[in-house]
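What follows is one structure encoded as C-alpha cells, with my remarks underneath.
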Amino acid sequence: MKTIKMFASVLVAGMMMINSAVATEKTASKKAVSYKVDASKSVVKWHAKKVTGEHNGTVNLANGALTVDGTKITGGSFEIDMTSIKCEDLTDAGYNAKLVGHLKSDDFFSAEKHPKATFKITKVEGSGTNYTLTGDMTIKGITKSISFPATVKADAKGVTANAKITLDRTKWDIRYGSKSFIPNIGDKAIYDDFAIDLTLAAVK
C-alpha cells in the first residue's frame, strides 16, 4: 500500500512539473513575439542644413523586425537602403539629380560601396508608450552607439514606432563641408548634425 501511495505521489508530482513546464513555455512564447517591419508603410525622412540653406528628402527602409513583450518593445533591428536617397525640396530636375548624386558619392554616404545602413537595438528604457532606445548605428561600415526618444504603440495587430533622431555625420567619417575639419570654409559650410524623422510600421 505504501508503495502504491509513493508511486501515486511521484506520478502527481511529475504531472505537475510537466504542466508547469508547458505553462512556462506558453508564457515565454507569448513574450517573444516578432513583428516584421512593413517597408511600404514605414517612412524615413531626412533634413540637413548648411549656412546658406537646407534640404530635405526621404530614404527607404529595406527590411527589419521588432520584438515585443506584451505591449513593450524589447529589441529589434532594421536596414536602410542608402541607394534610395531622394531630395524633395529641389524642383529643378538637374539640381535635384546633382544633389542626390553627391549625397550618394564618397563625399557623403558612399552608397555604392555601402548600400545599407543598419540600426540594432541594444537597450530599451521606459514604459507605456514613451521609451528611450539605445542601439548600434552602422553607416559606411562604421558602427556607433546612439540613443533617442521614441513613441511606441503595440497591440495584437502590430507595432508603430515614431522617433526624431539627430545624428552627427562626422562620427561616421562624413566630413565634406564640415567646419569642424575645414575651419576657413565660411558660408560654404554644411552643419554636422542632420535630422531623421522615423516612422516604423510592423506586423506579425
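These numbers were taken from a predicted model, which means no experiment stands behind them.
Pairing each heavy atom of Ile121 with each of Val124, the nearest pair is CG2-CG2, 3.6 Å. When all heavy atoms of Tyr131 and Gly128 are compared, the pair lying nearest together is OH-O, 2.9 Å. When every heavy atom of Ala62 is checked against every heavy atom of Ala39, the shortest pair comes out as O-CB, 4.3 Å. Listed here is the closest heavy atom pair of Cys87 and Trp46: CA-CZ2, 4.1 Å. Across all their heavy atoms, Ala189 and Ile185 have their closest contact at CB-CG2, 3.4 Å. Considering every non-hydrogen atom in both Gly135 and Thr122, the closest pair reads CA-OG1, 3.5 Å.
The main-chain N or O of Ile142 is found under 3.5 Å from a side-chain atom of Trp172 such that the two form a donor-acceptor pair. Looking only at distances, a side-chain donor or acceptor of Thr74 sits under 3.5 Å from a matching main-chain atom of Thr67. Not a single donor-acceptor pair under 3.5 Å links the side chain of Ser84 to the backbone N or O of Val59.
Residues Phe194 and Ile174 fail the side-chain proximity criterion, which asks for heavy atoms closer than 4.5 Å. A heavy-atom distance below 4.5 Å is not found between the side chains of Val44 and Asn60.
Tyr176 pairs by the ring-ring contact (aromatic ring centres under 6.0 Å, His included) definition with His102, Phe108, not counting sequence neighbours. With sequence neighbours left out, the side chain to side chain donor-acceptor pair (under 3.5 Å) criterion links Ser110 to Asp106. With sequence neighbours left out, the side chain to side chain donor-acceptor pair (under 3.5 Å) criterion links Thr199 to Asn162. By the side-chain contact (heavy atoms from CB on, under 4.5 Å) test, Ser77 pairs with Lys120, sequence neighbours left out. Residues that satisfy the side-chain contact (heavy atoms from CB on, under 4.5 Å) test with Val203, not counting sequence neighbours, are absent from this structure. With sequence neighbours excluded, no residue satisfies side chain to side chain donor-acceptor pair (under 3.5 Å) with Thr52.
Summarising the local packing, NZ of Lys179 is surrounded by 12 or fewer heavy atoms from other residues, nucleotides or ligands at distances under 6.0 Å. In the displayed structure, Tyr95 atom OH is contacted under 6.0 Å by at most 12 heavy atoms of other residues, nucleotides or ligands.
A salt bridge does not link Asp38 to Lys36: none of the charged nitrogens lies less than 4.0 Å from a carboxylate oxygen.
Between the CG atom in Asp173 and the CZ atom in Phe109 there is a gap of 12.0 Å [rounded to 0.5 Å]. To the nearest 0.5 angstrom, Phe78 atom CZ is 9.0 Å from Thr118 atom OG1. In this structure, CZ on Arg169 lies 5.0 Å from CG on Asp192, to the nearest 0.5 angstrom. With rounding to the nearest 0.5 Å, the separation of CZ in Phe119 from OG1 in Thr143 is 11.5 Å. Separation of atoms CG (Leu66) and CG (Leu200) is listed at 6.0 Å; rounding is to 0.5 Å. Atom OG1 of residue Thr170 and atom CG of residue Leu167 lie 10.5 Å apart, to the nearest 0.5 angstrom.
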May I have the list of side-chain donor-acceptor pairs in residues 144-156 shorter than 3.5 Å, sequence neighbours left out?
unit_1: Ser147; atom_1: OG; unit_2: Thr134; atom_2: OG1; d: 2.7
unit_1: Asp155; atom_1: OD1; unit_2: Lys157; atom_2: N; d: 2.8
unit_1: Asp155; atom_1: OD1; unit_2: Gly158; atom_2: N; d: 3.1

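Hydrophobic cluster membership of Val43, counting Ile, Leu, Val, Met, Phe, Trp and Tyr whose side-chain heavy atoms lie under 4.5 Å apart directly or via other members: none, as it forms a cluster of its own.
Residues Leu61 and Ile196 are members of one and the same hydrophobic cluster, defined by side-chain heavy-atom contacts under 4.5 angstrom among Ile, Leu, Val, Met, Phe, Trp and Tyr.
Among pairs with a residue in residues 74-102, those fulfilling salt bridge (Lys or Arg N to Asp or Glu O under 4.0 Å) read Glu79-Lys116, at least two apart in sequence or across chains. Note on residues 195-204: pairs passing salt bridge (Lys or Arg N to Asp or Glu O under 4.0 Å), not counting sequence neighbours, are Lys164-Asp197. Annotation: salt bridge (Lys or Arg N to Asp or Glu O under 4.0 Å) contacts involving residues 42-58, sequence neighbours excluded, are absent. A salt bridge (Lys or Arg N to Asp or Glu O under 4.0 Å) check over residues 121-142, counting only residues at least two apart or in different chains, returns the pairs Lys123-Glu125.
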- Item | Leu99 vs His55, side-chain contact (heavy atoms from CB on, under 4.5 Å): CA-CA, chis, key distance, verdict | CA-CA 9 Å; Leu99 174 62; His55 294 294; 3.7 Å; yes
